[in-house]
Amino acid sequence: MATPTKTPPPPVSPVLDSQLLLAIESSCDETAAAVIRRDLTVLSNVVASQDELHERFGGVVPEIASRAHVRCILPVIDEALRKANATLNDLSAIAVVTQPGLVGSLLVGLTAAKTLALATGLPLIAVNHIEAHLYACRMMAGRDIFPAVGLVVSGGHTNLYDCHGPTDFEWLGATIDDAAGEAFDKVAHILGLPYPGGPAIEQTARAGNPKAFKFPRVFLKEDRLEFSFSGLKTAVLYKATGVPGAREPVPELTPSRIADLAASFQDAVLDVLVGKCRQALCRKGRTRLLVGGGVAANSRFRERLEAMCRSNKTELFIAPREMCTDNAAMAAIAWEHFEQGHIASLDLDVTPGLVRQPKPSSFLPTKS
Ligand code: KG4
Ligand code: ZN
């Protein structure tokens with residue numbers, strides 16, 4: 001019997017390649033817009049951060065976030081178009097992140113996107129924020145990276161997926177309480193470090209001893225793809241301020257004790273994250289790992305992942321640092337949906353909660 005030959009895919013036409021998409025992201029506390037060509041070249045990537053507004057609360061205040069999005073959304077879109085040297089007339093589609101996230105924040109981006117789609121007649125494409133975080137790895141690679149195990153580790157999520165394709169994920173597990181980034185933010189608050197806590201802890205930990213305190217690595221030795229960081233956070237709190245009701249005096253929180261606490265906390269989180277990635281790769285028999293989300297910007301985490309993947313003969317794709325934290329360029333995944341004809345209707349709504357068992361059809365409304 002003749003061996004079937006595989007027909008190579010047709011070359012992408014240069015005309016299609018140069019089509020432009022405007023992407024809008026406002027799921028949490030960053031107002032962002034980007035213009036991306038169909039060949040995934042990012043022409044502009046504008047992010048207005050709200051860190052200063054939330055810093056004194058040690059975390060994101062949803063009402064403050066949505067009000068700030070209202071103020072920033074149009075100037076940010078304008079700037080993204082200007083930096084890309086484009087106008088609305090040059091666009092082929094409008095993409096917007098509609099899930100998961102803070103309801104008020106998501107609604108601001110969606111309203112802007114719908115208004116532009118209605119005014120221009122351009123197709124509207126809904127994007128899932130989690131998918132977009134992992135798609136940042138695909139953009140960096142410049143080639144197909146699926147199938148793979150994917151870890152999204154951010155302020156709101158610590159989720160593991162078996163990624164069959166860019167828009168086809170199988171849920172493997174997640175945190176049962178705090179997200180890893182949330183633990184970084186809360187521990188930074190306990191230690192008197194600024195918000196967001198991740199970069200502050202990373203910086204402070206450089207001067208500390210990661211073995212100074214023995215913190216829990218919850219579920220690490222168990223064969224389950226779940227995480228828990230709230231006990232770890234409490235363990236740091238007790239070392240920093242003492243156990244309630246205990247008689248022993250609490251040592252003063254000197255800069256060197258803060259550095260040791262930060263370093264020991266960071267290593268406890270990273271041990272678990274890296275260990276669970278290894279378990280997931282082994283369970284699914286995958287040889288590629290994708291990592292995205294704000295915590296993936298952490299240098300020690302990146303080194304630890306590289307070492308694990310080297311010894312596991314696994315290809316590692318981590319989002320570039322500037323695309324780890326929230327941005328609109330990663331919403332370039334909308335081009336994948338565009339090609340599959342996933343165009344949303346104007347009655348599209350936001351889905352604030354995380355869909356645990358996402359299927360391509362449940363991510364997006366069907367073509368209207
Ligand atoms: O992806 P992201 O911008 O927003 C969410 O979707 O949640 O992630 C923000 C989170 C924050 O919790 C922040 O503390 C954490 O990412 N983060 C880091 C680092 N940079 C940001 N965590 C650890 N190390 C870092 N260098
Ligand atoms: Zn995010």
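Numbering of ligands and ligand atoms starts at 1, following listing order. Computed from heavy atoms alone, side chains included, the values below leave out hydrogens, waters and symmetry copies.
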Considering non-hydrogen atoms of the protein only, which is the closest contact for [atom], and what is the distance?
atom                    : result
atom 26 (N) of ligand 1 : E202 OE1, 2.7 Å
atom 18 (C) of ligand 1 : G198 CA, 3.4 Å
atom 24 (N) of ligand 1 : N298 ND2, 3.1 Å

Out of curiosity, is [X] lining ligand 1, as in a heavy atom under 4.0 Å away?
X    : answer
H129 : yes
C324 : yes
H133 : yes
G197 : yes

Check ion pair [X]-[Y] (N to O, under 4.0 angstrom):
X    : Y    : answer
D271 : R304 : yes
R67  : E63  : yes
R283 : D162 : no

Is it the case that atom [atom1] in [X] sees more than 12 heavy atoms from other parts of the structure closer than 6.0 Å?
X    : atom1 : answer
R56  : CZ    : no
D144 : CG    : yes
K239 : NZ    : no

Between F184 and F265, what is the ring plane arrangement, given parallel below 30°, perpendicular above 60°, and tilted in between?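 Ring orientation of F184 relative to F265: perpendicular.
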Just say parallel, tilted or perpendicular for the rings of F229 and F227, cut-offs at 30° and 60°. parallel
Any N/O of [X] closer than 3.5 Å to an N/O of ligand 1?
X    : value
G294 : yes
D326 : yes
G155 : yes

Suppose you place the vertex at the Zn ion (ligand 2); what is the angle out to D326 OD1 and H133 NE2, to 10°?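 The angle at the Zn ion (ligand 2) comes to 100°, rounded to the nearest 10°.
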Does the side chain to side chain donor-acceptor pair (under 3.5 Å) test come out yes or no for R286 and T314, once each step is laid out? CA-CA 8 Å; R286 298 290 185 212; T314 296; over 6 Å; no
Under-4.0 Å heavy-atom contact with ligand 1, by part of A180 that carries it: neither
Does only the side chain of V295 get under 4.0 Å from ligand 1, or the backbone, or both, or neither? Count heavy atoms.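 The part of V295 near ligand 1 is both the backbone and the side chain.
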Taking atom types as modelled and ignoring hydrogens, do the side chains of S230 and D178 form a donor-acceptor contact shorter than 3.5 angstrom? no
Shortest-distance N, O or S atom of H129 relative to the Zn ion (ligand 2): NE2
Going by the closest heavy atom to atom 11 (C) of ligand 1, which one wins out of I201, V47, D185?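 Nearest option to atom 11 (C) of ligand 1, by heavy atoms: D185.
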Can you sort out which atoms of ligand 1 are near G156, meaning under 4.0 Å from one of its heavy atoms?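 Those atoms are 7 (O).
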